[in-house]
A.B. asks: 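The structure that follows is given in the form of structure tokens.
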Amino acid sequence: MTTSVAGVWSHRTVLRVLVQRDLAVKYQQSVLGYLWSLIEPLSMGLIYWFIFGVVYNTRGSFDGASYPLFILSGIFVWQWFSSALSESTSALTAQARLITTIKVPREIFPIGRVTGRFAEYLAGLPVLVAAAILFHGHVTWRTAVGLPLAVLMQFVLLIGVSLLLSSLNVMLRDVERFIRLAQRILIYAAPIIYPLQKVQDADIPHWVKVVYQMNPLVGIVQLQHAAWFPTEWPSTKLLLTSAAGCLIILFAGWWTFHRLEPSVLKEL
Amino acid sequence: MSDPIISARGLGVRFVKGRRRNLQVREMLFHGMRRNPNAGDDGFWPLRNVDFDITPGEAVGVIGKNGTGKSTLLKLIAGVLIPDEGTITVRGRVAPLLELSAGFSNDLTGKENLNLVATLHGLSKQQLAAKFDEIVDFAGDQVAKSLDLPVRHYSSGMRVRLGFSIISQLHHPILLVDEVMAVGDAEFRAKCYDTMQRLLAEGRTLVLVSHNEGDLTRFCTRGLFINEGRLTVDGTVHEALAAYKGGYVPA
């Protein structure tokens, strides 16, 4: 594993160029260009705010700051996670030409997709900060610790997932379809648009709650919320569970990628 | 003699024969991994039991009929394919021109492709900036004029020109060239010959796949004749050519 980390690190220029190209291709053809990376999460946020904030009136359960900020802090990370998920799936198949003609560490291609979506997430941060000011988010030490920690954990998680999915997708094209379904489920399987407390208070068997919290996204999203809502700070147990989950997925992804690499190169 | 720069020992790659392009989850669920329709199939070996050593500065021509594993061999040397059997050791970086497309993406402009491919081949930003004009110059007027057009609109000759220009500017000690000369026009071929001659004079190692006898005898001193996935003749380029033309004659 250390050799492949060293390999990727020594090719970081390649990584940067790949990410730049990805972003250039994505935005050069649309008029609104970069704004698209904001419009999508914002309109999604608006929809959820309307359904859960207005129609079902969940607003009451927040201290001080209001529900829109809660949704946004969840939606922006979700957007990163979800777009990275779908784009890393095709990271190898879509770039087969480069992969079969030039020798670079193959891990770079899925990692590049994850990094590209991270750049979009970064571009959205000013909007999130503006929302935090507008809706009176609490800026505490938790903001300074929670955000970077959440980003780090999500990077680890996404790299693992992208290595797994990109290599698997070469062998089984069904993966792409499966991911579309998984995305629909996952957005509700983490406390993105509703508070975690609602799940903990819910009248469901205890084991369901345990399984729910095994999802590493739960801890990550909670950290993101906690950056503006101090009461959302995850328990140490939840944090450790999520961190362990991220690492396990990273190793599983890396292992799968290397097991499949020879076959993947033949298939491409 | 110095240490070999490329050495192959018992090299073999297996492709699974008759494998459907993609396994479906459905099949996996119903048959399970054990009853995988591909299991038990011995597969097909485009290349097997190949042993050779290439010393630095050698120019080696690889000869063989279509579909006998020449390109597979080059891919193994370039490291874009991993062997199933044996080992291939390459001491030094490789500048490969493996496909006519040279790894270009159709949607990107010539310039963007140049930047991307050159970086992937290991040129740093400064090196690229220094070499950029030279690369474009070498690729010729046609390419220089179309630098801001998507590569989709390039002719295959233009792609090869640009691809070869990039490869020839790399400082890697090993040069792999797979039948690209066939596409360029006479003017470009002459340029390529000069460049390859110059690179060889600098002491680079060349592995060339070609069907053109003139190209092979011009550059190569040694010839590898590959027949049905096996290295049948490893001798001078003339011996290899003779074997290729006359069918396989055991020595």
Side-chain angles (χ1 to χ4, degrees), chain A residues 4 7-8 10-29 90 92-106 108-109 112 165 167-179 181-182 257-268, chain B residues 13-16 19 21-29 43 46 71-72 74-84 90 93-109 112-113 115-125 127-128 150-151 163 166-167 172 176 178:
Chain A
S4 68
V8 171
S10 65
H11 285 79
R12 55 193 184 281
T13 336
V14 174
L15 187 63
R16 205 193 55 226
V17 172
L18 276 177
V19 171
Q20 281 170 352
R21 181 211 53 175
D22 250 19
L23 294 175
V25 168
K26 200 164 166 190
Y27 293 116
Q28 75 191 1
Q29 273 148 1
S90 63
L92 294 178
T93 44
Q95 302 180 90
R97 269 223 179 118
L98 285 177
I99 297 167
T100 52
T101 48
I102 304 171
K103 192 199 174 185
V104 286
R106 263 71 63 167
I108 285 206
F109 295 95
L165 293 179
S167 55
L168 219 51
N169 188 46
V170 178
M171 314 308 288
L172 306 151
R173 295 290 158 102
D174 295 28
V175 170
E176 258 170 77
R177 265 180 237 179
F178 169 73
I179 285 306
L181 178 67
F257 194 86
H258 283 265
R259 281 299 298 272
L260 291 178
E261 205 174 5
S263 327
V264 161
L265 289 174
K266 284 179 208 165
E267 279 294 311
L268 284 176
Chain B
V13 182
R14 196 188 75 159
F15 282 8
V16 182
R19 179 190 190 303
R21 183 86 185 99
N22 291 296
L23 220 56
Q24 300 275 310
V25 170
R26 180 165 38 95
E27 291 161 34
M28 266 171 65
L29 288 178
S71 297
T72 308
L74 247 56
K75 285 191 168 181
L76 285 165
I77 298 176
V80 296
L81 211 55
I82 298 172
D84 292 304
V90 180
R93 298 198 64 175
V94 177
L97 192 51
L98 292 183
E99 276 176 37
L100 296 180
S101 67
F104 294 150
S105 331
N106 278 332
D107 290 334
L108 299 182
T109 68
E112 287 165 337
N113 267 305
N115 284 325
L116 179 65
V117 169
T119 311
L120 257 66
H121 277 308
L123 273 190
S124 71
K125 216 172 174 179
Q127 284 171 319
L128 183 59
V151 164
I166 296 171
I167 299 302
H172 305 338
L176 303 181
D178 192 353

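To find a chain, count down the sequence lines: A is the first, B the second, and so on, and within it residues start at 1.
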A.B. asks: Checking B/Val94 against chain A: side chain, backbone, both or neither under 4.5 Å from a heavy atom?
C.D. replies: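 Contact with chain A involves no heavy atom of B/Val94 at all.
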A.B. asks: Counting heavy-atom pairs closer than 4.5 Å to chain B, which one of A/Val14, A/Ile102, A/Thr100, A/Val17 comes out on top?
C.D. replies: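 Greatest number of close heavy-atom pairs with chain B: A/Ile102.
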A.B. asks: Identify which part of B/Leu108 has an atom lying under 4.5 Å from any heavy atom of chain A, answering side chain, backbone, both or neither.
C.D. replies: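 Interface part for B/Leu108: side chain.
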A.B. asks: Pick from A/Gln95, A/Gln20, A/Lys103: which one has the most heavy-atom pairs with chain B under 4.5 Å?
C.D. replies: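 Most heavy-atom pairs within the cutoff with chain B belong to A/Lys103.
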A.B. asks: Could you list the residues that satisfy ring pair (Phe, Tyr, Trp, His ring centres under 6.0 Å) with B/His172, not counting sequence neighbours?
C.D. replies: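 None.
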A.B. asks: Output the option from B/Asp84, B/Asn115, B/Thr119, B/Val117 having the highest count of non-hydrogen pairs under 4.5 Å with chain A.
C.D. replies: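 Counting heavy-atom pairs under 4.5 Å, the top option is B/Thr119.
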A.B. asks: With A/Glu176, which residues qualify under salt bridge (Lys or Arg N to Asp or Glu O under 4.0 Å), at least two apart?
C.D. replies: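 Partners of A/Glu176 under the salt bridge (Lys or Arg N to Asp or Glu O under 4.0 Å) test: none.
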A.B. asks: Which bit of A/Ile108 comes within less than 4.5 Å of chain B, counting heavy atoms only: side chain, backbone, both or neither?
C.D. replies: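 Contact with chain B involves no heavy atom of A/Ile108 at all.
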A.B. asks: Can you find a heavy atom in the side chain of B/Lys125 that is under 4.5 Å from one in the side chain of A/Thr13?
C.D. replies: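 B/Lys125 does not reach A/Thr13 side chain to side chain.
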A.B. asks: Just by modelled atom types, is the B/Arg14 backbone N or O under 3.5 Å from a matching donor or acceptor in the A/Lys266 side chain?
C.D. replies: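 Such a contact is found between A/Lys266 side chain and B/Arg14 backbone.
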A.B. asks: Taking atom OG of A/Ser90 and atom CD1 of A/Ile179, what is their separation to the nearest 0.5 Å?
C.D. replies: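 That separation rounds to 11.0 Å.
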